[in-house]
Q: 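Before I ask anything, let me first share the structure, which is written out below as structure tokens.
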Amino acid sequence: MSGLTRRQVLKGAAPVVAIAPLARLAFPSAAGAEGTGSQAAKPLVAVGHAAMMGGEAPAVGGPNDLDALLIPPPALSHEPGRVREYTLNAVDREIEIFPGVSYPAWTYSGTVPGPVIRATEGDLLRVRFGNGGSHPHTIHFHGIHPANMDGVFEIIEPGASYTYEFPARPYGMHLYHCHSSPLKKHIEKGLYGAFIIDPPTPRRPAQELVMVINGFDTDGDGENNFYTVNGRAFYYAKYPIRVKRNQTVRIYLANLTEFDVINSFHLHGEFFRYYPTGSTDHYEYTDTVMLCQGQRGILEIDFHNSGRFMFHAHQSEFTELGWMGFFEVGD
Ligand code: CU
Ligand code: CU
């Protein structure tokens with residue numbers, strides 16, 4: 001990639017031309033020497049981001065590529081003695097995050113974020129971890145568990161494996177990530193995912209979605225060049241998420257962005273109930289939430305109106321660099 005920092009790139013772009021800076025990032029050879037010069041790469045589309053959806057949105061892949069990350073396995077009611085088993089394998093893998101831009105990721109089982117892990121409070125969670133990557137890794141779960149299951153001291157070398165096993169608690173929206181050092185590096189490279197623990201009696205029925213928001217530093221300067229939901233910039237702008245009016249949409253949201261202290265989620269045209277960490281029934285009724293690194297929660301949206309509604313980071317810069325999408329609300 002070019003040596004341009006994200007901020008240098010953005011400085012040269014008129015705010016309305018949302019995609020021009022991305023075109024430079026995607027095709028650095030076509031950019032001017034300063035990166036903001038006149039011989040910019042052919043813009044993919046030179047319109048404001050509100051108009052950018054469907055075929056106009058530059059995003060990698062087909063319409064259902066991210067379903068395994070977006071749609072969690074169903075919630076199960078409490079059942080004494082149940083074991084929930086998952087297998088995660090660390091794999092080094094190039095992933096394409098924006099058309100023409102790939103990132104040399106360290107992944108859990110091939111994707112960034114890694115697979116969604118879900119259990120019910122009281123289940124025995126058993127996660128078999130195999131390290132097929134080139135560096136020592138671990139899995140550190142948020143939640144309550146014994147010290148030797150914390151993924152900090154038991155470092156799993158390449159080629160080795162480890163089984164994490166503990167009763168899942170407390171209920172809420174959590175996360176898991178590698179805790180090898182340097183920690184920043186292991187998170188930045190992509191070793192993280194969503195970890196949902198359901199209450200013993202599941203939450204009321206809803207259309208459930210998982211959104212892990214993150215960033216990618218594609219030029220290695222310690223600043224993110226792209227921001228995404230579930231790993232691909234502009235993906236839900238190209239493929240809006242179909243939901244129904246008057247039917248609750250529940251989003252399990254986690255912030256795994258490195259480098260930037262804060263990320264956020266803002267919804268247009270509607271309010272939602274926001275349950276911080278999802279671990280109590282206390283909620284805030286709002287249209288914007290701000291999350292520090294590792295912070296997460298559960299959103300419940302009841303759309304009053306049909307049509308297209310945008311969702312994005314309220315940091316405009318993150319929006320222009322990929323963290324945006326749409327809900328298509330049908331009747
Ligand atoms: Cu690691
Ligand atoms: Cu953490």
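Every number for a ligand or one of its atoms is a count from 1 in the order of the listing.
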Q: Among the N, O or S atoms that H137 has, which is closest to the Cu ion (ligand 1)?
A: ND1

Q: Just checking R169: does its CZ atom have more than 12 heavy atoms from other residues, nucleotides or ligands closer to it than 6.0 angstrom?
A: no

Q: Once side-chain hydrogen bond (donor to acceptor under 3.5 Å, both in side chains) is applied, do any residues pair with T277, and if so which ones, sequence neighbours excluded?
A: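 For T277, no residue satisfies side-chain hydrogen bond (donor to acceptor under 3.5 Å, both in side chains) once neighbours in sequence are set aside.
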
Q: Below 2.8 Å, which protein N, O or S atoms neighbour the Cu ion (ligand 2), ignoring water?
A: H142 NE2, H177 NE2

Q: Just to verify, what does D281 make a side-chain hydrogen bond (donor to acceptor under 3.5 Å, both in side chains) with, not counting sequence neighbours?
A: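 Counting only residues at least two positions away or on another chain, D281 forms no side-chain hydrogen bond (donor to acceptor under 3.5 Å, both in side chains).
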
Q: Thinking salt bridges, do E85 and R128 make one under a 4.0 Å N-O criterion?
A: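 Yes.
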
Q: Quick one: list whatever passes side-chain hydrogen bond (donor to acceptor under 3.5 Å, both in side chains) with H135, sequence neighbours left out.
A: none

Q: With rounding to the nearest 0.5 angstrom, report the CD1 to CZ distance, I97 to R232.
A: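 Those atoms lie 11.0 Å apart.
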
Q: Of all the N, O or S atoms in H186, which one sits nearest to the Cu ion (ligand 1)?
A: ND1

Q: Between H312 and H268, does any side-chain donor sit less than 3.5 Å from a side-chain acceptor?
A: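 Present: a donor and an acceptor within the cut-off.
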
